[in-house]
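Structure first, then comments.
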Amino acid sequence: MSRGRVPFTDLKRVYDVEQACSMPNTFQDDDDDDDDLWPLGEIDPKKLKFPCCIVWTPLPVVSWLAPFIGHVGLCREDGVILDFAGSNFISVDDFAFGPPARYLQLDRKQCCMPPNLGGHTCKYGYKHTEFGTAVTWDDALSASARSCEHRTYNLFTCNCHSFVANCLNRLCYGGSMEWKMVNVAVLILMKGKWVSASSVVRSFLPCAVVTCLGVLLVGWPFLIGLFSFSLLLVAWFIIATYCFKNIMC
């Protein structure tokens, strides 16, 4: 073999190695995506830490008459609670109206958090980008918090459920951007877990006492009025949310 000439077999071996290095490894990329989600800490009700959870607590007076109505918040990855607690105000690590009574931990793998326009895993693409995306869970909460800091709180049109819905839409959680007050409330009420037995008592005892006193003092018409009040509340939120979208935030 003449000096300075490289054997053909060596050239082919080098070419194969370069090709293997340049080809994308789909399985490795998937593993990297999972590694980007740093592990969450344990849920700790005593320290009020609920990583990536929707949390719920009863409201004074309103929940005494309609126990399915309550105050909700959404937690960061470190478990700190954020909630829309008043006009232009997002409370951080100070859940309004008492500690959470129910919680539901969400799966970050069901979120669309694209690093760029071509990184969308949801079906919405440009619509999601126009609404506002996030690259991490906490980034979505921060962006939604800044948005709600310029909103006037109203129990009937722009409340704590609006903040949670905004976050879930920004994350495109579950592949959906149709999160609103109603389905956020249904999600936590249907799938939420009770923090403790005392939380159940705290949530329903006032309503039971008010109902008993009302029946004793007023009679059965009180139950009719209580049922009518609850029905009107449910009807308002459903009709306003899905028929009069322009008045809901």
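Because the structure is predicted, anything quoted here is derived from the model rather than measured.
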Can the SG atoms of Cys172 and Cys111 be said to lie under 2.5 Å from each other? no
For Trp194, does the six-membered ring have the charged nitrogen or CZ of Arg102 within the cation-pi criterion, i.e. under 6.0 angstrom from the centroid and within 45° of the normal? yes
Check: Asp139 side chain, Val135 main-chain N or O, donor-acceptor pair, under 3.5 Å: yes
Side chains of Asp83 and His71: donor-acceptor distance under 3.5 Å anywhere? yes
Sole candidate of Phe163, Tyr153, Phe95 that passes ring pair (Phe, Tyr, Trp, His ring centres under 6.0 Å) when paired with Phe84: Tyr153
May I ask you to say whether Arg108 pairs ionically with Glu77, meaning some side-chain N is under 4.0 Å from a carboxylate O? yes
Would a distance-only check, ignoring hydrogens and angles, find a side-chain to backbone donor-acceptor pair under 3.5 Å from Ser144 to Leu141? no
To the nearest 0.5 Å, atom CZ of Arg151 lies from atom CD of Glu149 at 11.5 Å
Under 3.5 Å, is there a donor-acceptor pair between the Ser199 and Ser196 side chains? yes
Side-chain (Gln105) to main-chain (Pro51) donor-acceptor, under 3.5 angstrom: yes
Distance-only donor-acceptor check, side chains Arg76 and Ser142, under 3.5 Å: no
Can you check whether Tyr126 and His120 have ring centres sitting under 6.0 Å from each other? no
Can you tell whether the side chains of Lys46 and Asp44 come within less than 4.0 Å, N to carboxylate O? no
Ignoring hydrogens and angles, tell me if any N or O in the side chain of Ser63 forms a donor-acceptor pair with the backbone of Leu59 under 3.5 Å. yes
